[in-house]
Novice: 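Quick one: this structure, given as structure tokens, is what I'll be asking you about.
By convention in this document, chain letters (A, B, ...) are assigned in the order of the sequence lines, proteins followed by strands, and residues within each chain are numbered from 1.
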2 protein chains.
Amino acid sequence: MPRSPDTSGTTDQLLDVAQELAQTRGYNAFSYRDLAERVGIRSASIHHHFPAKGDLGRALVARYRDRFSDALRRIGAGTGDAPAKLAAYVDLFRATYEHGGRLCLGGMFAADLPTLPTEVQEQVRGFYADNEAWLTRLLDAGRRASQLHFEGAPRDAAAALLDGLEGALLAARAHGSSARFARASRWLLLSVGARS
Amino acid sequence: MPRSPDTSGTTDQLLDVAQELAQTRGYNAFSYRDLAERVGIRSASIHHHFPAKGDLGRALVARYRDRFSDALRRIGAGTGDAPAKLAAYVDLFRATYEHGGRLCLGGMFAADLPTLPTEVQEQVRGFYADNEAWLTRLLDAGRRASQLHFEGAPRDAAAALLDGLEGALLAARAHGSSARFARASRWLLLSVGARS
DNA sequence: GTCTATAAGATGATAGAC
DNA sequence: GTCTATCATCTTATAGAC
């Protein structure tokens with residue numbers, strides 16, 4: 001009988017390693033050779049899985065975006081109130097930093113944007129759109145339910161929240177401090193009136 | 001009689017062009033050849049001004065940090081109240097985006113951090129420290145004077161503010177929209193009770 | 001201070017054998 | 001699906017002439 005989806009296939013292994021390098025060093029600071037050495041095959045073999053580096057980049061953001069959307073759906077379907085869901089959202093970013101000091105792939109690729117193939121650029125914009133839309137809905141509903149308290153448009157607060165978290169990852173890694181992330185993110189929650 | 005400091009010397013020209021490329025594409029996505037073509041000399045000649053790329057990187061952040069500190073001093077020495085000074089601070093970042101969709105060099109190099117020579121890494125951390133210290137003082141004084149209104153430690157608000165602005169530049173460029181920056185930054189000002 | 005010439009190594013990529 | 005071999009190009013960097 002067939003096993004559950006073999007997640008250790010070479011393609012997945014390549015994606016896993018490439019994602020780590022992309023989140024840590026950025027799109028332009030890792031090579032097929034870097035991947036090859038860590039996965040244990042020759043760099044030429046990678047082209048069988050991803051003919052061009054742009055194909056790898058596209059697959060990378062597409063998968064990241066899918067997984068992130070899944071996480072948002074899981075949080076949204078949960079039983080907690082808006083502050084709890086917001087805390088769970090923040091925790092997604094905290095976990096990213098704890099995972100070897102990684103940045104959000106969306107944020108990292110946003111920094112690399114003009115150097116990326118256009119299809120990858122579009123995926124990055126999609127990642128931002130996903131997050132802003134989800135956050136806007138959560139903030140709006142939370143305020144209507146008097147669970148959150150802030151001034152201004154939910155859409156603006158959502159943008160500021162996402163940007164704050166992306167920036168907090170950047171700063172936390174620069175400081176080499178998870179506490180630095182915690183301080184900035186705690187304040188963000190406070191600023192939308194999410195008492196915890 | 002000698003002219004005022006010749007700012008169009010080759011070294012300065014190289015720094016100017018390198019800064020633009022660094023803010024736009026990142027440290028690893030521009031080469032001595034890119035600089036050479038734009039400045040109109042041969043790439044080998046650049047090594048006379050900056051023997052290794054790390055020297056260029058260090059000079060780049062050092063100058064950026066100096067200029068930024070000057071701007072902070074100017075704002076701090078101004079006559080306005082805390083909300084006005086905060087708005088002027090935000091405007092520094094807005095102007096960066098308007099200047100050809102550039103990111104903050106500090107934020108961009110924070111994204112490139114692990115690929116940077118260690119001396120450059122230290123300068124980047126220094127940039128963050130400069131900004132956090134300056135913002136902390138401003139926020140603290142502003143709240144004591146009842147010109148700003150927010151909860152939590154000024155140091156945490158300062159971190160969140162800086163991170164929000166770095167992230168807002170990233171997002172604005174991804175969206176190709178100065179309005180996107182305006183929305184996020186306006187909300188940030190609102191969140192510290194800076195009525196404008 | 002800028003040039004030509006040159007180097008060693010990296011990079012993304014292809015062809016073709018196994 | 002992975003390998004060896006090979007490629008053109010790019011990248012940082014040096015030596016030495018002008």
Novice: Hey, what bend do you get for the helix from C:dG1-D:dC18 to C:dC18-D:dG1 if you fit axes on five pairs at each end, rounded to 10°?
Specialist: 10°

Novice: Yes or no on salt bridge (Lys or Arg N to Asp or Glu O under 4.0 Å) for B:Asp70 and B:Arg73, after CA distance, side-chain angles and deciding distance?
Specialist: CA-CA 5 Å; B:Asp70 282 349; B:Arg73 265 188 292 278; 2.8 Å; yes

Novice: Taking A:Asp163 for the side chain and A:Ala160 for the main chain, is one N or O donor matched with an acceptor at less than 3.5 Å?
Specialist: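 Pair absent, no side-chain N/O of A:Asp163 close to backbone of A:Ala160.
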
Novice: Is there a donor-acceptor contact under 3.5 Å linking the side chains of A:Gln123 and A:Glu119?
Specialist: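 Looking only at side-chain atoms, A:Glu119 and A:Gln123 do not form any donor-acceptor pair under 3.5 Å.
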
Novice: When the aromatic ring centroids of B:Phe68 and B:Phe93 are compared, is their separation below 6.0 Å?
Specialist: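 Distance test on ring centres: under 6.0 Å, yes.
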
Novice: Report yes if at least one side-chain N or O of A:Thr10 is closer than 4.0 Å to OP1 or OP2 of D:dT2; otherwise report no.
Specialist: yes

Novice: Once you round it to whole Å, what is the distance between C1' of D:dT4 and CD1 of A:Ile46?
Specialist: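 A:Ile46 atom CD1 is separated from D:dT4 atom C1' by 15 Å.
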
Novice: Check the phosphate of C:dT2 against B:His48, side-chain N and O only, distance under 4.0 Å to OP1 or OP2. Yes or no?
Specialist: no

Novice: With a cut-off of less than 4.0 Å, is there a side-chain N or O of A:Ser45 near OP1 or OP2 of D:dC3?
Specialist: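 For D:dC3, OP1 or OP2 has a side-chain N or O of A:Ser45 closer than 4.0 Å.
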
Novice: Heavy atoms under 4.0 Å is the rule here; annotate nucleotides 5-18 of chain C 5' to 3' with B where the base is hit, S where only the sugar-phosphate is, and - elsewhere.
Specialist: B----SBSBB----

Novice: Does A:Arg173 form a side-chain contact (heavy atoms from CB on, under 4.5 Å) with A:Thr24? I'd like the steps, not just the answer.
Specialist: CA-CA 10 Å; A:Arg173 191 181 62 165; A:Thr24 307; 4.2 Å; yes

Novice: Can you find a side-chain donor-acceptor pair between B:Asp34 and B:Ser31 that sits under 3.5 Å?
Specialist: yes

Novice: Which is it for A:Arg38 and A:Phe30 under the side-chain contact (heavy atoms from CB on, under 4.5 Å) test, yes or no, and what are the steps along the way?
Specialist: CA-CA 12 Å; A:Arg38 305 195 190 206; A:Phe30 77 90; over 6 Å; no

Novice: State whether A:Phe150 and A:Arg143 meet the cation-pi test: NZ (Lys) or CZ (Arg) under 6.0 Å from the six-membered ring centroid, and within 45° of the perpendicular axis.
Specialist: yes

